[in-house]
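First up is the structure itself, then whatever we jot down about it.
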There are 2 protein chains.
Amino acid sequence: MEKDLCRVSCVNRPLMEQVLKALPDEPLLRGAAEIFKMLADPNRLRLLHALTQEELCVCDLAALVDTSASAVSHQLRLLRTARLVKYRREGKMVYYQLDDEHVAHLLQEGLRHAAEG
Amino acid sequence: MEKDLCRVSCVNRPLMEQVLKALPDEPLLRGAAEIFKMLADPNRLRLLHALTQEELCVCDLAALVDTSASAVSHQLRLLRTARLVKYRREGKMVYYQLDDEHVAHLLQEGLRHAAEG
DNA sequence: TCAACGGCTGAACAACTGTTCAGTTATTTT
DNA sequence: AAAATAACTGAACAGTTGTTCAGCCGTTGA
């Protein structure tokens, strides 16, 4: 006897097969989630937004978000390993910039959606 | 005597004024971060991706991400309060769909960026 | 009206995030 | 070579997130 609650009524449909089949695979979903996670913090958004305009050094960025250089350095490391920013050394200073245009675009889309909502 | 470390060499520039002035204001940044935070989880991405294709009920969604109905319900509440999804009641069933096209677009952008990186 | 069912919710708990603090590295200046 | 400086890092701590568990609410059908 079939006892599988709701499953009787709605899961066993070809529709579900189709939806499930269209789902991106695990690694891709993880990757996308990782990127969104990096964008899920106001201070990181500030850093990235600033970098859409201009290449900046760590202490400039620290001043911009009004926190310690250490805290910003940790954040920048996250952004680096997520490939959202790249850097360039010049003497004692390290200058950061966005890794590519895509990042700026995502940022802009998120801000626009937030402004409309 | 000026002792403010790096600040002497790089902060006091008109450039910084400009960058700072262009920064979106606090509420907007918080709003955008909130949206990105909702997108920062593989299971929520699965749910949203499924909903880009089809309106679905809670137990369908639960089956899709292979977790309990309770867990999905909690996730859906987050997505609801962030205005990423809306719902419709029909008898005992509750059907969810994306709140607007913008969500699908953001999702797609994130996945594309992840695929390229 | 009462049991069954789809879905929702609060509390609790483990896992994760972001900051601070202290200490390190690499480069420049004296 | 030594002191100073820009930036990085590991450990530790508070705050947050996602799941589970138990129980509740609203609708349906006997």
Side-chain angles (χ1 to χ4, degrees), chain A residues 1-11 29-30 33-48 55-82 85-97, chain B residues 1-11 29-30 33-48 55-82 85-97:
Chain A
M1 177 188 165
E2 190 76 55
K3 278 203 168 189
D4 280 340
L5 19 121
C6 165
R7 289 182 190 168
V8 179
S9 61
C10 48
V11 155
L29 286 167
R30 279 185 181 280
E34 211 57 39
I35 291 169
F36 286 128
K37 200 177 292 180
M38 290 302 101
L39 298 170
D41 177 86
N43 269 351
R44 281 197 296 270
L45 288 183
R46 263 185 267 267
L47 296 175
L48 291 171
E55 181 187 57
L56 291 166
C57 70
V58 175
C59 62
D60 275 346
L61 292 168
L64 207 66
V65 300
D66 194 29
T67 58
S68 69
S70 175
V72 172
S73 195
H74 278 295
Q75 302 283 28
L76 288 171
R77 184 157 71 112
L78 293 176
L79 295 174
R80 250 187 291 144
T81 59
V85 301
K86 54 187 175 182
Y87 66 100
R88 174 178 74 81
R89 174 152 225 135
E90 188 175 314
K92 285 191 272 189
M93 319 284 279
V94 174
Y95 291 94
Y96 281 82
Q97 51 185 300
Chain B
M1 178 187 163
E2 190 75 53
K3 280 202 168 191
D4 280 341
L5 18 124
C6 164
R7 286 181 192 167
V8 179
S9 60
C10 50
V11 156
L29 286 167
R30 278 185 181 279
E34 209 57 37
I35 290 168
F36 285 128
K37 200 177 294 180
M38 290 302 100
L39 298 170
D41 178 86
N43 269 352
R44 281 197 296 271
L45 288 182
R46 263 185 266 266
L47 296 175
L48 292 171
E55 181 187 58
L56 291 167
C57 70
V58 175
C59 61
D60 276 347
L61 292 168
L64 206 67
V65 299
D66 195 29
T67 59
S68 68
S70 174
V72 172
S73 196
H74 278 294
Q75 301 284 28
L76 288 171
R77 184 157 72 110
L78 293 176
L79 295 175
R80 250 186 289 141
T81 59
V85 302
K86 54 187 175 183
Y87 66 100
R88 175 177 72 82
R89 174 153 226 135
E90 186 176 315
K92 284 191 272 190
M93 319 285 279
V94 173
Y95 291 94
Y96 281 82
Q97 52 185 297

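Labels below follow one simple rule: chain letters A, B, ... track the order of the sequence lines, proteins then strands, and each chain is numbered from 1. The figures here come from the full heavy-atom set of this structure, side chains too, leaving out hydrogens, waters and symmetry mates.
For Gln75(A) and dT19(C), the shortest distance from a side-chain N or O to OP1 or OP2 is below 4.0 Å. Between Ser68(B) and the phosphate of dT20(D), there is a side-chain N or O to OP1/OP2 separation shorter than 4.0 Å. For Arg77(B) and dC8(C), the shortest distance from a side-chain N or O to OP1 or OP2 is not below 4.0 Å. The shortest distance between the side-chain N/O atoms of Arg89(B) and the OP1/OP2 oxygens of dT28(D) is not below 4.0 Å. Of the side-chain N and O atoms in Tyr96(B), one or more sit less than 4.0 angstrom from OP1 or OP2 of dC8(C). Side-chain N/O atoms of Lys37(A) include one lying less than 4.0 angstrom from OP1 or OP2 on dT17(C).
Looking at Ser70(B), its side chain has no donor and acceptor atom pair within 3.5 Å of the base of dT19(D).
Taking atom CG on Leu56(B) and atom C1' on dG6(C), their separation rounds to 15 Å, with Å as the unit. A straight line from CZ of Arg88(A) to C1' of dA6(D) spans 14 Å, rounded to a whole angstrom. Regarding Asn43(B), its CG atom lies at a distance of 10 Å from the P atom of dT20(D), rounded to whole Å. In this structure, Arg30(B) places its CZ atom 14 Å from C1' of dT16(D), rounding to the nearest Å.
Ala71(B) comes within 4.0 angstrom of a base, heavy atoms only.
Closest to the side chain of Arg80(A), from the set dA7(D), dG18(D), dC8(D), is dC8(D).
Applying the ring pair (Phe, Tyr, Trp, His ring centres under 6.0 Å) test to Phe36(B) and every residue at least two apart in sequence or in another chain returns nothing.
Residues Lys92(A) and Tyr95(B) each lie close to DNA chain C; by heavy-atom proximity, the contact nearer the 5' end of the strand is made by Tyr95(B).
Within a 6.0 Å radius of OH in Tyr87(B), other residues, nucleotides and ligands contribute 12 heavy atoms or fewer.
The aromatic ring of His74(A) does not sit over the base of dT19(C); the criterion of centres under 5.5 Å apart with planes under 30° is not met.
Residue Ala82(A) comes nearest to Met38(A) through the heavy atom pair CB-CG, 3.6 Å, listed as atom of the first residue, atom of the second, then distance.
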Quick one: do Gln75(A) and Thr67(A) satisfy side-chain contact (heavy atoms from CB on, under 4.5 Å)? Show the steps, please. CA-CA 11 Å; Gln75(A) 302 283 28; Thr67(A) 58; over 6 Å; no

